[in-house]
Amino acid sequence: MECVTKINENLYYVGGSERKIHLFENMFPVPNGVSYNSYLLVDEKTVLFDTVDWSIGDLFLENIEFVLNGRPLDYLIVNHMELDHSKMVKVILEKYPTTKVVLNQKALAMLNAFVHSDYTSRAIIVNEFDTLKVGEHEFTFVFAPMVHWPEVMMTYDKKDKILFSADAFGSFGSLDGNIFSSDIDIDSEYYSEMRRYYANIVGKFGQAVTNVLNKAKDLEIKMICPLHGAIWNDKIDIILRKYKTWSSYLPEDNTVSIYYASMYGNTENACYALANALAKRNIKNIKMFDVSKTDISYLISDVFRTKTIVIASPTYNGGLYPKMENFLTDLNALNVQNKHVAIIENGTWAITASKLIKKHLEPLKNITLINKELRISSNLCNNQKLIIDEMADEIGKSLEA
Ligand code: FEO
């Protein structure tokens, strides 16, 4: 049976959610599943905005049939060609043989390559700021290259002031009946999953996000329809501000997070001692993460959140503890910037961790090292309390900077 939600007089939600999936992109845990959003407009012409993953393909086709109610599908607008949104493009174009696919040149090349067919004769190629009138509604195409693929574009509906935003403003998590931000408790947990999605999927491309935010700043936006997560029918100024912060790599919270690797608990104990000293200095909302136990996507999301970070690791086989190395490599891959960083290293012989941590930090922009390091030789000693206190003082100053 269909499962459609009416968004307004002419626009319908025809996507869906799934919870069977464990790992989005076979990499990121999605304990609350994920939604694949698609939208169908019924005007003088009928217009479908993007498709969905195969996993909900049957429901998607049923939804479209229900809304079309016997009418042909005139246009399929493809804003993004990543496969979680484009797997059903070929199915749609085969099922509806008169449908024109509206996309840019890069997206057409991807489509033809992905499906090993040539859909050029079915395509309407659009350039940036081209318009398409489908009755009362007229669309403008705003290109958003590298948010987070090169072909990405957004479609703006001038009549209803709706921005179909591709992956931008999306989130992990299924939509459980309520699909509008106004009907969901968009609490810290939702924003936290939204940040985890942003940081890991789009985080590398902050400049591209800034560019498209600048392009969109003159548009009056009453609603944002992303390809994942809730439809934003309120709080638009809040999420635009969040995107501005994240894309500028600025912290959301003026606090400290400690990311540690610990083989036998001794590095962990040193981190607790530091966290305790920070708390005594009235620093709130300190977080500690064991890099061996926490999926890296949560670590990265928290790094985007926090102003000052502490990296603590033992030396391992003369190098860095592998889980820590993986985390630091991802900081580079995702272009993390603007952090104050404190370092704790541990080792019994040939300690190299601090040197190697700094090597990983070198390429990152605007990293300020805390001018006090802790080196422990297996166990934190009582006489190192002074160093912990000095580190905590310096970290406290970093939050005032
Ligand atoms: Fe949701 Fe970039 O795909």
Side-chain angles (χ1 to χ4, degrees), residues 17-37 53 80 82 84-85 146-149 165-176 181 184-206 208-209 224 226-232 235 238-253 255-259 285-307 309 311 323-324 326-339 364:
S17 294
E18 68 153 335
R19 286 173 180 270
K20 292 188 297 296
I21 185 172
H22 291 285
L23 296 173
F24 184 74
E25 294 185 359
N26 207 18
M27 183 156 50
F28 305 110
V30 278
N32 296 317
V34 67
S35 75
Y36 306 105
N37 299 346
D53 190 79
H80 184 22
E82 192 162 8
D84 51 335
H85 311 292
M146 299 320 297
V147 183
H148 60 131
W149 274 30
S165 63
D167 278 336
F169 309 110
S171 178
F172 294 130
S174 60
L175 292 172
D176 303 337
S181 58
I184 297 171
D185 185 10
I186 303 287
D187 55 8
S188 57
E189 190 183 332
Y190 189 92
Y191 282 130
S192 164
E193 279 298 84
M194 192 178 166
R195 187 199 317 106
R196 186 166 70 93
Y197 176 86
Y198 175 88
N200 288 278
I201 306 290
V202 188
K204 180 182 174 70
F205 305 106
V209 175
I224 296 177
L227 290 176
H228 302 284
I231 294 170
W232 295 96
K235 306 178 190 72
I238 295 175
I239 60 157
L240 286 172
R241 270 204 307 277
K242 282 198 179 288
Y243 258 59
K244 205 169 169 189
T245 301
W246 296 336
S247 63
S248 308
Y249 303 95
L250 294 173
E252 279 180 284
D253 293 339
T255 187
V256 184
S257 284
I258 301 172
Y259 312 93
N285 206 18
I286 303 157
K287 303 267 186 216
M288 290 179 60
F289 297 90
D290 181 340
V291 300
S292 297
K293 297 227 172 64
T294 314
D295 183 82
I296 196 166
S297 65
Y298 292 90
L299 303 176
I300 292 294
S301 176
D302 191 75
V303 169
F304 269 69
R305 179 186 70 86
T306 310
K307 183 166 184 182
I309 65 176
I311 311 282
K323 297 273 189 182
M324 180 56 77
N326 191 30
F327 170 52
L328 295 173
T329 301
D330 220 20
L331 293 187
N332 267 289
L334 294 170
N335 217 3
V336 165
Q337 303 172 24
N338 304 330
K339 299 289 163 196
L364 304 181

Considering all heavy atoms of both residues, which atom of [X] and which atom of [Y] are nearest to each other, and what is their separation?
X: Pro226; Y: Phe169; value: CG-O, 3.7 Å
X: Ser192; Y: Ser301; value: O-OG, 3.9 Å
X: Ala199; Y: Ile300; value: CB-CG2, 3.9 Å
X: Ser171; Y: Tyr190; value: CB-OH, 3.6 Å
X: Phe205; Y: Met146; value: CB-O, 3.0 Å
X: Thr306; Y: Ser257; value: OG1-OG, 3.2 Å

Distance in Å, [X] [atom1] paired with [Y] [atom2], rounded so as to fall on 0.5 Å steps:
X: Ile21; Y: Ser174; atom1: CD1; atom2: OG; value: 11.5 Å
X: Lys287; Y: Asp253; atom1: NZ; atom2: CG; value: 9.0 Å
X: Met288; Y: Ile258; atom1: CE; atom2: CD1; value: 5.0 Å
X: Ser247; Y: Phe304; atom1: OG; atom2: CZ; value: 9.5 Å
X: Asp302; Y: Ile309; atom1: CG; atom2: CD1; value: 9.5 Å

message: Take a 6.0 Å sphere around NZ of Lys323 and say whether it holds more than 12 heavy atoms from other residues, nucleotides or ligands.
response: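 It does not: Lys323 NZ has 12 such atoms or fewer within range.
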message: Would you say CD of Glu25 has more than 12 non-hydrogen atoms from neighbouring residues, nucleotides or ligands within 6.0 angstrom?
response: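 Counting other residues, nucleotides and ligands, CD of Glu25 exceeds 12 neighbours.
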Side-chain heavy atoms of [X] within contact of [Y], under 4.5 Å:
X: Trp246; Y: Val209; value: no
X: Tyr259; Y: Thr294; value: no
X: His148; Y: Tyr198; value: no
X: Trp149; Y: Asp167; value: no
X: Leu331; Y: Lys339; value: no
X: Met194; Y: Ile186; value: no
X: His80; Y: Leu227; value: yes

- prompt: Which of parallel (below 30°), tilted (30 to 60°) and perpendicular (above 60°) describes Phe172 and Phe24?
  reply: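 Ring orientation, 0 to 90° scale: perpendicular.
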query: Asp53 side chain to Asp84 main-chain N or O, any donor-acceptor pair under 3.5 Å?
result: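 Judged by distance alone, no pair lies under 3.5 Å.
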- prompt: Quick one: does Tyr197's side chain have a donor or acceptor within less than 3.5 Å of a partner on Ala168's backbone?
  reply: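 Side chain of Tyr197 to backbone of Ala168: no pair is present.
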query: Pick from Leu299, Ile296, Val303, Val336: which one makes a side-chain contact (heavy atoms from CB on, under 4.5 Å) with Asp330?
result: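 In the set Leu299, Ile296, Val303, Val336, the residue that makes a side-chain contact (heavy atoms from CB on, under 4.5 Å) with Asp330 is Ile296.
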query: side-chain contact (heavy atoms from CB on, under 4.5 Å) with Trp232: which of Leu240, Ile224, Ile238?
result: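 It is Ile224, the one option of Leu240, Ile224, Ile238 that forms the side-chain contact (heavy atoms from CB on, under 4.5 Å) with Trp232.
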query: Can you list the steps and then say if His85 with His228 is a side chain to side chain contact (heavy atoms under 4.5 Å, CB included)?
result: CA-CA 10 Å; His85 311 292; His228 302 284; 3.1 Å; yes
- request: Decide yes or no on side chain to side chain contact (heavy atoms under 4.5 Å, CB included) for Tyr298 and Glu193, but give the supporting numbers first.
  value: CA-CA 9 Å; Tyr298 292 90; Glu193 279 298 84; 4.1 Å; yes
message: If the condition is side-chain hydrogen bond (donor to acceptor under 3.5 Å, both in side chains), which residues does Thr255 pass it with, not counting sequence neighbours?
response: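 Partners of Thr255 under the side-chain hydrogen bond (donor to acceptor under 3.5 Å, both in side chains) test: none.
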query: Under the salt bridge (Lys or Arg N to Asp or Glu O under 4.0 Å) test, which residues partner Lys307, sequence neighbours left out?
result: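 Scan of Lys307 (salt bridge (Lys or Arg N to Asp or Glu O under 4.0 Å), adjacent residues dropped) gives none.
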field: salt bridge (charged side-chain N to carboxylate O under 4.0 Å, His left out) partner of Glu252, the single match among Arg195, Lys244, Arg241
entry: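 It is Arg195; the other options fail the test.
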field: Pairs meeting criterion side chain to side chain donor-acceptor pair (under 3.5 Å) with involvement of residues 27-36, two or more places apart
entry: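 Listed once each, the pairs are Glu18-Tyr36, Ser35-Asn37.
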